[in-house]
Protein chains: 2
Amino acid sequence: MEKAVQKFRQYCQDNGMRNTPERELIIRELYRLDEHFDVDRLFLRIRNTHLKLKLSKVSIYRAIPHLIKAGLIREAFSDSGTICYEHVLGHEHHDHMKCLACGEVIEFYEKKIDEIQQKICDRLDFEMVWHVHVLGGYCKKCREINRK
Amino acid sequence: MEKAVQKFRQYCQDNGMRNTPERELIIRELYRLDEHFDVDRLFLRIRNTHLKLKLSKVSIYRAIPHLIKAGLIREAFSDSGTICYEHVLGHEHHDHMKCLACGEVIEFYEKKIDEIQQKICDRLDFEMVWHVHVLGGYCKKCREINRK
DNA sequence: ATATGTGCAAATGATTTGCTCGTGG
DNA sequence: CCACGAGCAAATCATTTGCACATAT
């Protein structure tokens, strides 16, 4: 987490931006919250953890593009209109399965998929900067419940 | 296209729904518009093609979940807040690359990816009903322009 | 000192919903 | 006939923007 804060400080310096306490707070809480999150979840988290503080949701919205550019988070998938993000730093790269019944998000990773993906990009001379790979369906648990 | 209309009629019957001219119009124009589309694009298309008609955007919004359930279209990806759909019927399954510079959407398909995907689902006892696989980056053309 | 950041409130854009009226089966 | 669908307008939800004030550098 400190690494993330450091990295963002560097990013600020490099881009003539200020390193405000609000932004550091966002990063710290972001990394404490170690799952997938959307703006609202992060906002509530900060609200509940720092009752005295009054960080506005707008600041989170404004911080996110920088956090992405700085390589701290990435867009993971969008969930019926809401964008979900996840950490990049300290998290292996992976893709997602989402249970349509219980909402659970399962992470998976297959090197082969990445390799094929990269091969396709090379073939088409496409420079990939991000990717989203989400499978929607029903998880083991929910399927079992349904069978009964 | 007629196949799509037929399929939807069946779906209506099976689900105690009505087969209205509005819905048929949506399907027909949908299939005439053979790319990726969002609600607005489809709406404008209908507006411009059928100047006399007055189909409302709301009806499109309300039709979409049915069209998806009926297996006519699927959610392809979301583009900064707007959901983009594409036909299922008469369209091979494929994934997408999206150029962040020019916005072009390139389709690609690799059977191997599908196979691996399916294998992962089987392993985790996950019943996949849809998937989204989008690569964001810069296309050949835009990269060349940038090099100059 | 001053450009950049923050918070608020209002604007926007996509989508949903309440309600009334119309119509397919 | 009458439950389901269509259209309108108003509501909602996520996100963005304008503006006045605050503060990091």
Side-chain angles (χ1 to χ4, degrees), chain A residues 5-6 8-29 36-47 50-70 73 75-85 103, chain B residues 5-6 8-30 36-47 50-70 73 75-85:
Chain A
V5 176
Q6 285 307 324
F8 193 70
R9 281 192 185 139
Q10 189 58 50
Y11 173 82
C12 286
Q13 290 230 323
D14 296 349
N15 295 75
M17 286 168 52
R18 285 184 197 163
N19 180 33
T20 67
E22 285 85 353
R23 286 172 178 168
E24 289 212 0
L25 175 62
I26 290 171
I27 296 171
R28 284 179 204 286
E29 285 312 317
H36 304 96
F37 66 94
D38 55 28
V39 170
D40 214 58
R41 234 164 77 65
L42 177 55
F43 177 67
L44 291 176
R45 162 83 192 194
I46 292 174
R47 255 292 146 84
H50 300 258
L51 297 175
K52 306 147 199 177
L53 276 151
K54 32 107 205 138
L55 188 129
S56 94
K57 211 180 273 188
V58 181
S59 297
I60 299 178
Y61 278 114
R62 286 199 260 232
I64 280 180
H66 294 305
L67 299 175
I68 292 175
K69 272 192 223 154
I73 62 174
E75 213 170 289
F77 52 84
S78 37
D79 182 20
S80 56
T82 316
I83 302 170
C84 292
Y85 305 89
Chain B
V5 176
Q6 285 307 324
F8 193 71
R9 279 191 187 140
Q10 190 58 52
Y11 172 83
C12 286
Q13 290 230 321
D14 296 349
N15 295 76
M17 287 168 51
R18 284 185 199 160
N19 181 32
T20 65
E22 284 85 353
R23 285 172 178 169
E24 288 212 1
L25 175 62
I26 289 171
I27 296 171
R28 284 180 203 287
E29 286 312 317
L30 195 56
H36 304 94
F37 67 94
D38 55 29
V39 170
D40 214 58
R41 234 162 78 66
L42 177 55
F43 176 68
L44 291 175
R45 162 83 192 195
I46 292 174
R47 257 291 147 85
H50 301 259
L51 297 175
K52 307 145 197 177
L53 277 151
K54 32 108 206 138
L55 187 129
S56 94
K57 211 181 273 189
V58 180
S59 298
I60 300 178
Y61 278 114
R62 286 201 256 234
I64 280 180
H66 295 304
L67 299 176
I68 292 176
K69 272 192 221 154
I73 61 173
E75 212 170 289
F77 51 85
S78 39
D79 181 19
S80 55
T82 314
I83 302 171
C84 292
Y85 306 89

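Being a predicted model, the structure only gives us computed values, none of them experimental. Chain letters run A, B, ... following the sequence lines, proteins first, then strands; residues in each count from 1. Quick note: numbers below take in every heavy atom, side chains included, and nothing from hydrogens, waters or symmetry partners.
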Arg45(B) vs Phe37(B), test: side-chain contact (heavy atoms from CB on, under 4.5 Å). Steps then yes/no.
CA-CA 10 Å; Arg45(B) 162 83 192 195; Phe37(B) 67 94; over 6 Å; no
Derivation and outcome, side-chain contact (heavy atoms from CB on, under 4.5 Å), residues Leu53(A) and Ile46(A)
CA-CA 8 Å; Leu53(A) 276 151; Ile46(A) 292 174; 5.6 Å; no
Counting N and O atoms only, with roles assigned by atom type, does the side chain of [X] sit under 3.5 Å from a partner on the main chain of [Y], one being a donor and the other an acceptor?
X	Y	value
Arg41(A)	Cys84(A)	no
Arg23(A)	Arg18(A)	yes
Asp38(B)	Asp40(B)	yes

Residues in residues 54-66 of chain A with a heavy atom under 4.0 Å of DNA chain C, by number, are Lys54(A), Leu55(A), Ser56(A), Val58(A), Ser59(A), Arg62(A)
In residues 9-28 of chain A, which ones come under 4.0 Å of DNA chain C, going by heavy atoms?
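Of all residues in residues 9-28 of chain A, the ones placing a heavy atom under 4.0 Å from DNA chain C are Met17(A), Arg18(A), Thr20(A), Glu22(A), Arg23(A).
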Can you give the first and last nucleotides of DNA chain D, 5' to 3', that have an atom under 4.0 Å from a heavy atom of chain A?
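Here the contact window of chain A covers dA14(D) to dT25(D).
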Checking side-chain contact (heavy atoms from CB on, under 4.5 Å) for the pair His66(A)/Phe8(A): CA distance, chi angles, key distance, verdict?
CA-CA 9 Å; His66(A) 294 305; Phe8(A) 193 70; 3.9 Å; yes
Take Met17(B) and Tyr11(B), measure what side-chain contact (heavy atoms from CB on, under 4.5 Å) needs, and give me the verdict at the end.
CA-CA 8 Å; Met17(B) 287 168 51; Tyr11(B) 172 83; 3.7 Å; yes
Atom of Ile26(B), atom of Ser59(B) and distance for their closest heavy-atom approach:
CD1-O, 3.9 Å
Rounded distance in Å - CD (Glu75(B)) to C1' (dT15(C))
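It works out to 13 Å between those atoms.
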Given side chains that start at C-beta, do those of Tyr85(A) and Leu67(A) come closer than 4.5 Å, heavy atoms only?
no
Which of these passes side-chain contact (heavy atoms from CB on, under 4.5 Å) with Leu42(A): Ile60(A), Ile64(A), Leu55(A)?
Ile60(A)
